[in-house]
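Worksheet for the structure shown next.
Naming: A, B, ... by sequence-line order, numbering from 1 per chain. No hydrogens, no waters, no symmetry mates; every other heavy atom, side chains included, goes into these values.
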Amino acid sequence: MAYWLMKTEPEAFSLDDLAARGKEPWDGIRNYQARNFLRSMQFGDGIFLYHSRVPVPGIVGLAEVRSSAHPDPTQFDPRSKYFDPNSRPEQPRWDLVDVGFRARFAKVISLEELRQWPVFADSPLVRKGNRLSILPISETQWAAVLEHAELV
DNA sequence: GCCAACGTTGGC
DNA sequence: GCCAACGTTGGC
């Protein structure tokens with residue numbers, strides 16, 4: 001059992017969208033480090049859903065991993081913006097997992113707030129210039145956020 | 001919308 | 001293999 005944080009721009013896909021659909025294939029990851037994290041995910045792992053590129057970026061709710069990693073079909077679709085002409089079907093370059101909705105937070109736990117929590121002091125999340133869209137969360141960080149959050 | 005920070009690409 | 005150019009991310 002592991003924990004993760006996954007970023008999304010709510011304009012493209014929000015926590016509410018996930019809540020409405022229940023479960024969604026998390027496609028479009030095109031960064032090797034993020035992909036490697038995807039590949040180590042297991043069914044049932046916990047996820048913090050994070051909204052980026054909004055006035056108050058931060059963790060907005062909980063989700064969970066609902067599949068193991070498997071090839072992202074959009075890499076083979078020439079009409080997709082995620083098409084990767086260099087990826088070979090016999091050795092796919094990009095993977096995805098299914099993500100299921102779990103809960104919404106009554107209030108966003110903002111990045112500004114998280115920066116002040118000692119448990120996040122060493123997290124790439126609070127580092128300037130960090131661009132990782134998927135990052136691991138420690139058990140301590142998970143517990144700290146859950147203790148602070150009001151689930152809806 | 002701006003732009004710093006970063007990852008990737010490709011010429012050499 | 002270096003590194004400039006380019007594209008993208010994401011806070012502000």
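The interatomic distance linking A/R53 (CZ) with B/dC2 (P) rounds to 12 Å, in whole Å. The CD-C1' distance, from A/E11 to C/dG10, rounds to 13 Å in whole Å. Counting to the nearest Å, the P atom of C/dG11 and the CZ atom of A/R115 are 8 Å from each other. Taking atom CZ of residue A/R30 and atom C1' of nucleotide C/dT8, one finds them 14 Å apart after rounding to whole Å. The separation between A/N31 atom CG and C/dT9 atom C1' is 10 Å, rounded to whole Å. Rounded to an integer number of Å, the gap from A/I134 CD1 to B/dG7 C1' is 16 Å. Following rounding to the nearest Å, A/Y32 (OH) and B/dT9 (C1') show an atom-to-atom distance of 11 Å. Across the protein-nucleic acid pair, A/E9 atom CD and C/dT8 atom P stand 12 Å apart, rounded to whole Å.
Phosphate contact (OP1/OP2 of C/dG11, side-chain N/O of A/Y50, threshold under 4.0 Å): present.
Distances were taken from every side-chain heavy atom of A/K128 (C-beta onward) to each of B/dT8, C/dG10, B/dA4; the shortest belongs to B/dA4. The side chain of A/K7 sits closest to C/dG10 out of C/dG10, C/dG11, B/dA4.
Defined by atom type and a distance below 3.5 Å, a donor-acceptor pair is missing between the side-chain atoms of A/T74 and A/D77. A/S87 and A/Q75 form a side-chain donor-acceptor contact under 3.5 Å, judged by distance and modelled atom types alone.
Separation of the A/F76 and A/W94 ring centroids does not fall under the 6.0 Å cut-off. In this structure, the ring of A/W4 has its center no less than 6.0 angstrom from the ring center of A/F48.
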